[in-house]
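Here the structure comes first, spelled out in structure tokens, and everything after it is commentary.
FYI, the numbering just counts along the sequence from 1. The structure presented is a predicted model; accordingly, all values stated were derived computationally and were not measured. Just so you know, ligand 1 is whichever comes first in the structure, and atom 1 is the first atom listed for that ligand.
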Amino acid sequence: MAIGSRAVSYANPACVKSVVVRSQSVPRWRALSSQSIARQQQQQNLTKTKKQKSSKCSNHSSTAAAQIHLLLSQFRQASATPLHRLRQLADAMTAEMHSGLMSEGGSEQLKMLPTYVENLPHGDEEGLFYAVDLGGTNFRVLRVQLGGKEKRIVKQEYQEVAIPPELMQGTSKELFDFIAKKLASFVAREGEGFEAHSGHVRELGFAFSFPVLQTSVKSGILVHWTKGFKINDAIGKDIVAAFEEAIGRKGDHIRVAALVNDTVGTLAGGRYWNEDTMLSVILGTGTNACYVERVDAVPKWRGAPPKSGEMIINMEWGNFRSPYLPRTFADEEVDIDSVNPGDQWFEKMISGMYLGEIVRCVLAKFAQEAALFGGPIISPKLLEPFSLGTPYVSKIHSDESADLTEVAKILEDVFEIRRTTFQERKIVHDICDIIAERGARLAAAGIVGILNKIGRFHGPTTTTNGSYLSSRRSKTVVAMDGGLYEHYTQYQVYMRAAIDEMLSETAAQSVVIELSKDGSGIGTALLAASHSQYHRF
Ligand code: ADP
Ligand code: MG
């Protein structure tokens with residue numbers, strides 16, 4: 001096989017010596033390419049001695065090919081997520097949810113944070129509402145005119161603003177003054193089609209996707225910054241108070257009606273369109289989930305019982321872990337080299353930030369241990385952490401060309417590995433497939449764990465034989481948001497297939513996954529509406 005013949009050319013100095021031709025235009029780690037070796041062999045009309053050596057190489061080559069296939073099959077096995085494993089994981093997720101709801105710190109993994117959001121939008125909300133979404137290097141301001149049950153979203157507008165890098169590490173006042181200023185100028189451009197209720201102060205939802213200890217639906221203490229922000233004086237302070245003070249300094253009259261994270265915004269956006277929306281999942285750079293829980297199932301809740309009897313719980317599920325998670329050497333490597341070793345195991349196996357990095361780790365190991373790309377010199381790019389983004393994984397995965405042209409191009413563009421053989425490209429394709437399928441199936445197990453917890457399905461919750469039985473309601477909608485799910489079609493397909501595998505046919509038919517288009521932005525404005533001080537919905 002081609003892989004083997006190349007690999008052995010490097011592995012066996014006797015083979016290499018006779019045929020190596022170095023070329024200036026070929027990178028060092030490709031200089032010993034077996035293809036060029038093969039070409040040279042033909043052109044130079046090798047002597048009998050050389051042919052004998054070549055025959056030795058060929059024997060060796062099949063050994064190397066066998067070694068790669070052995071590594072691949074071991075990796076496939078270590079990553080496997082058979083049905084019984086998924087069921088164990090779903091059960092473990094459900095059990096951990098119970099523990100996290102029981103008491104503060106009841107689960108070391110799942111925070112199960114009550115969000116103080118008791119009212120999800122119904123669809124009959126009316127009026128003008130704003131949202132500010134701060135969760136990364138950009139923030140968005142958005143306004144939406146709601147027209148009630150019939151007219152729904154009459155008009156919406158948004159503006160995206162980059163946060164100047166110096167403000168990400170400055171003071172709280174500087175950051176919020178900047179945001180308040182942009183908000184004020186956005187509000188000032190409120191034109192035709194938008195109509196604030198006379199006598200009402202404008203209200204906004206604030207989506208703030210950093211770790212916050214919520215103290216009410218419109219207040220919360222910043223625990224720490226992430227994603228490159230470092231504004232020390234904001235830590236331990238009420239983030240809404242800081243924002244409203246800045247709005248006050250601009251002389252504007254607009255108040256924060258709800259402080260939420262993006263998962264909750266997505267749930268609200270989903271519920272607005274479909275009352276069967278019970279949970280939301282983010283599968284983007286990171287991952288998280290939240291869902292509608294009965295407040296009497298939250299023993300740790302000390303506040304007044306919400307009128308609705310329900311509470312949205314932000315699970316922070318990225319930190320789920322279980323001995324049933326099929327972790328491999330690559331997951332260990334990714335974890336150890338991360339900024340938060342030991343944390344977020346689930347996230348590190350299923351989300352967009354990490355899938356590409358897992359693939360890279362596996363390719364690097366195969367290259368080092370079995371000369372996948374014709375070692376022994378490995379492309380430095382292959383050893384560079386995070387050099388392979390997850391969008392490349394989905395591109396590799398969706399390459400259906402007969403000779404995997406796209407895979408060849410990506411290997412060249414990203415890792416500077418040129419002139420790959422079909423077998424090598426096929427191995428790369430297979431590795432992406434294994435890692436994406438595992439991620440999608442694990443996410444599916446998490447979703448089934450939640451469905452199980454909220455009792456959307458009748459029947460035994462044990463999973464020892466058969467499925468999770470039939471549905472009690474006609475539909476349960478999962479509102480989904482995030483670039484990974486949205487753009488990675490095969491991931492969607494694998495996730496859906498795993499959900500269907502875990503549930504009975506009827507139950508599976510009742511679970512609908514709806515991709516929310518800008519769910520969290522509109523959803524946050526909708527939460528301002530459903531928590532309006534002029535609440536009449
Ligand atoms: P965030 O999670 O930061 O709010 P998004 O929801 O837009 O942002 O998700 C961005 C993430 O989605 C990227 O980090 C990347 O991992 C993943 N992603 C984006 N495009 C693709 C794609 N074509 N294929 C696979 N994953 C993608
Ligand atoms: Mg997002």
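- In this structure Asn232 satisfies the side-chain hydrogen bond (donor to acceptor under 3.5 Å, both in side chains) test with no other residue, sequence neighbours excluded.
- For Phe210, the ring-ring contact (aromatic ring centres under 6.0 Å, His included) test picks out Phe208, Trp225, Phe229, with sequence neighbours left out.
- A cation-pi arrangement is absent between Arg85 and Tyr324 under the rule of less than 6.0 angstrom and at most 45 degrees off the ring axis.
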May I have every N or O pair linking ligand 1 to the protein at under 3.5 Å, one per line with atom names and distance?
residue  : atom   : partner : partner atom : Å
ligand 1 : 2 (O)  : Thr285  : N            : 2.9
ligand 1 : 2 (O)  : Thr285  : OG1          : 3.3
ligand 1 : 3 (O)  : Thr285  : OG1          : 2.8
ligand 1 : 6 (O)  : Gly483  : N            : 2.8
ligand 1 : 9 (O)  : Gly483  : N            : 3.2
ligand 1 : 12 (O) : Leu484  : N            : 3.2
ligand 1 : 14 (O) : Thr285  : OG1          : 3.2
ligand 1 : 16 (O) : Gly352  : O            : 3.1
ligand 1 : 24 (N) : Ser394  : OG           : 2.7

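- Considering Asp124, Ile153, Leu527 in turn, Ile153 is the only one that fulfils the side-chain contact (heavy atoms from CB on, under 4.5 Å) rule with Tyr272.
- Below 30°, between 30° and 60°, or above 60°: for Phe243 and Phe206 the angle between ring planes is between 30° and 60°, a tilted geometry.
- Applying the side chain to side chain donor-acceptor pair (under 3.5 Å) test to residues at least two apart or on different chains, the pairs with a partner in residues 177-186 are Lys173-Asp177, Asp177-Arg249.
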